Colleague: 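One structure, as structure tokens, below. Some questions next.
Since the model is a prediction, treat every value here as computed from it, not as a measurement.
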Amino acid sequence: MADQVTIVGAQQRFKKTPAGEIPVDWEASSVGSLARELVNGGTPDTKAEAYWRGDIPWITGADFSKQKVIAARRHITQEAVRSSTTNVLPKGSILIVTRTGVGKLAIAPFDLAISQDITGLIPDTNRVHPEYLFWALNMLVPQLKATHQGTSINGVLRSDLEAFALPLPPKQEQKKIAEILSAIEASIEKAAAAAQATRKLKQGLIQEVFVRMPRQYGWKMSSIGDCTSINVEALGEATPPDSRFRYIDISSVDNRGTISEMREVVFKAAPSRARRVVRSGDILVSTVRPYLMAFTKIDDAPENLIASTGFAVLNPKLMVDGDFLYQFIRSDRFVNFLVERMTGSNYPAVNAGDVAMCPIPLPELGEQRAIGQRLLAVDRAILQSEAACERMEVLKEGLMQVLLTGKVRV
């Protein structure tokens with residue numbers, strides 16, 4: 001890939017166009033001029049059951065994910081096509097969601113029919129490489145959304161879509177740009193598939209450890225309350241008002257256990273919920289909407305770390321390994337136990353007593369440590385795959401900015 005890229009030197013000249021500043025040897029072309037045909041969609045009569053027993057894939061904006069068509073959930077007949085405003089588009093057409101979910105894009109992976117939420121674009125392959133057109137249209141997504149929000153109609157007008165200007169390099173350069181961006185996208189998909197496979201492995205291991213093994217080996221049962229101390233320390237009203245500390249609230253913890261932010265606050269200006277004292281080795285369990293799994297383990301706590309009272313702070317006793325306990329906290333067995341005990345419709349929550357009551361199977365301490373380390377290793381593999389995806393997404397976005405504007409030539 002790298003040997004296809006040429007950094008533009010000072011000799012490169014640009015011109016101002018409706019598509020922005022582009023190299024002098026590029027064109028600015030409207031979306032409409034790059035289409036052999038723009039095609040509307042529609043929905044066959046949903047009461048005519050016979051229409052929905054065919055073999056023609058029919059999609060809506062809900063069938064898009066990450067700028068791809070993930071699947072066709074429904075299929076229609078030729079009669080349904082003839083009797084409605086839907087149209088069948090050939091494989092390789094560009095699909096643009098111009099109503100509900102404006103900004104979603106995809107290349108048709110097979111011949112398919114479309115709903116009224118989608119505009120189909122059949123590229124004029126004499127002028128534009130289809131995959132280049134797809135990537136160039138991705139750069140238009142913010143404008144499509146802005147156009148949609150700025151109108152009183154439900155969607156982007158065909159005339160507005162046709163008028164949008166795109167940078168158009170020579171055909172051979174279009175092909176190379178598309179190849180580079182598509183190669184990065186394929187690498188992202190490969191890393192995402194690896195992360196998904198590892199997540200499935202983790203699910204299987206969790207099931208093995210916390211469901212089958214306790215029965216098979218007769219592990220003793222304990223409870224979270226017996227093997228931890230809960231909410232041991234809290235800031236009192238006598239805390240000096242100018243005391244500074246790092247604060248974690250529930251919104252700072254995602255469902256992977258990653259903490260996005262520990263903000264520094266002063267006690268006198270701190271939220272009233274900033275009271276739980278946290279030490280290294282503690283486990284934070286969100287008691288608010290526990291199904292969101294805002295749970296995390298603090299391995300290396302900074303000085304003066306405070307958490308929201310929306311967390312139950314668990315300090316493991318000597319009878320339980322902290323990593324083993326944390327993996328149990330993240331299991332369906334624990335989450336379902338809390339969900340069954342939630343109260344409140346607008347602010348569903350449990351209390352520390354509910355957390356304490358949850359049963360936990362405990363093998364010998366040495367086995368706990370081995371299990372905890374094994375599951376942590378799987379977690380690290382998942383995080384590495386996800387981090388690789390995120391890095392490549394950043395790379396892709398950066399390359400789109402420079403390749404599709406001619407700042408970098410190929």
Colleague: For the atom pair CD1 (I298) and CG (L305), what is the distance rounded to the nearest 0.5 Å?
Modeller: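 Result: 6.0 Å between the selected atoms.
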Colleague: Should F324 and F210 be marked as a ring-ring contact (aromatic ring centres under 6.0 Å, His included) after you check the CA-CA gap, both sets of side-chain angles, and the distance that decides it?
Modeller: CA-CA 10 Å; F324 178 88; F210 296 117; 5.3 Å; yes
Colleague: What are the two closest non-hydrogen atoms of V128 and L168, and how far apart are they?
Modeller: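 Reported closest heavy-atom pair: CG2-CD1, 4.0 Å.
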Colleague: Is it true that E303 and R246 have a side-chain N and a carboxylate O under 4.0 angstrom from each other?
Modeller: no
Colleague: Minimum heavy-atom separation for C227 to V320, with atom names?
Modeller: O-CG1, 3.2 Å
Colleague: Any side-chain donor paired with an acceptor under 3.5 Å for S182 and E131?
Modeller: yes
Colleague: Answer yes or no: is there a side-chain heavy-atom contact under 4.5 Å between H75 and W52?
Modeller: no
Colleague: What distance separates L292 CG from I250 CD1, expressed to the nearest 0.5 Å?
Modeller: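 Answer rounded to 0.5 Å: 9.5 Å.
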Colleague: For F14 and T405, which heavy atoms make the closest approach, and how far apart are they?
Modeller: CE2-O, 3.8 Å
Colleague: To the nearest 0.5 Å, what is the distance between CG (L404) and CG (L166)?
Modeller: 9.5 Å
Colleague: Can a salt bridge be assigned to the pair D242 and R244 using a cut-off of 4.0 Å between side-chain N and carboxylate O?
Modeller: no
Colleague: Side chains of M342 and Y291, heavy atoms from C-beta outward: is any pair under 4.5 Å?
Modeller: yes
Colleague: What is the minimum heavy-atom distance between Q67 and F134, and which atoms define it?
Modeller: O-CZ, 3.7 Å
Colleague: Please determine which of R275, R279, R276 meets the side-chain hydrogen bond (donor to acceptor under 3.5 Å, both in side chains) test together with E233.
Modeller: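 For E233, the side-chain hydrogen bond (donor to acceptor under 3.5 Å, both in side chains) test succeeds with only one of R275, R279, R276, which is R279.
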Colleague: Whether the side chain of S93 engages the backbone of L89 through a donor-acceptor N/O pair (distance < 3.5 Å, no angle test) should be reported.
Modeller: no
Colleague: Less than 4.0 Å between a side-chain N and a carboxylate O, is that true for R256 and E386?
Modeller: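 Between R256 and E386 there is a salt bridge, with a charged N closer than 4.0 Å to a carboxylate O.
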Colleague: I94 and L133: which non-hydrogen atoms are nearest, and at how many Å?
Modeller: CG1-CD2, 4.1 Å
Colleague: Calculate, to the nearest 0.5 Å, the distance between atoms CD and CZ belonging to Q373 and R369 respectively.
Modeller: 10.0 Å
Colleague: In terms of side-chain heavy atoms, does Q116 have a donor or acceptor partner in N40 at a distance below 3.5 Å?
Modeller: no
Colleague: Run D249 and R273 through salt bridge (Lys or Arg N to Asp or Glu O under 4.0 Å) and show every step you take.
Modeller: CA-CA 9 Å; D249 63 16; R273 296 175 69 88; over 6 Å; no
Colleague: Check this for me: does any side-chain nitrogen of one of K202 and D379 sit under 4.0 Å from a carboxylate oxygen of the other?
Modeller: yes
Colleague: Without hydrogens or angle criteria, can the side chains of R158 and T119 be said to hold a donor-acceptor pair below 3.5 Å?
Modeller: no
Colleague: Going by atom types only, do Q327 and R330 share a side-chain donor-acceptor pair under 3.5 Å?
Modeller: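 No, because no side-chain N or O of Q327 sits under 3.5 Å from a partner of the opposite role on R330.
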Colleague: Any ion pair linking E179 and K176 (charged N to carboxylate O, less than 4.0 Å)?
Modeller: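 No salt bridge links K176 with E179.
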Colleague: Tell me whether R341 forms a cation-pi arrangement with F337, defined as NZ or CZ under 6.0 Å from the six-membered ring centre and within 45 degrees of its axis.
Modeller: yes
Colleague: Is E27 salt-bridged to R127, cutoff N-O under 4.0 Å?
Modeller: yes
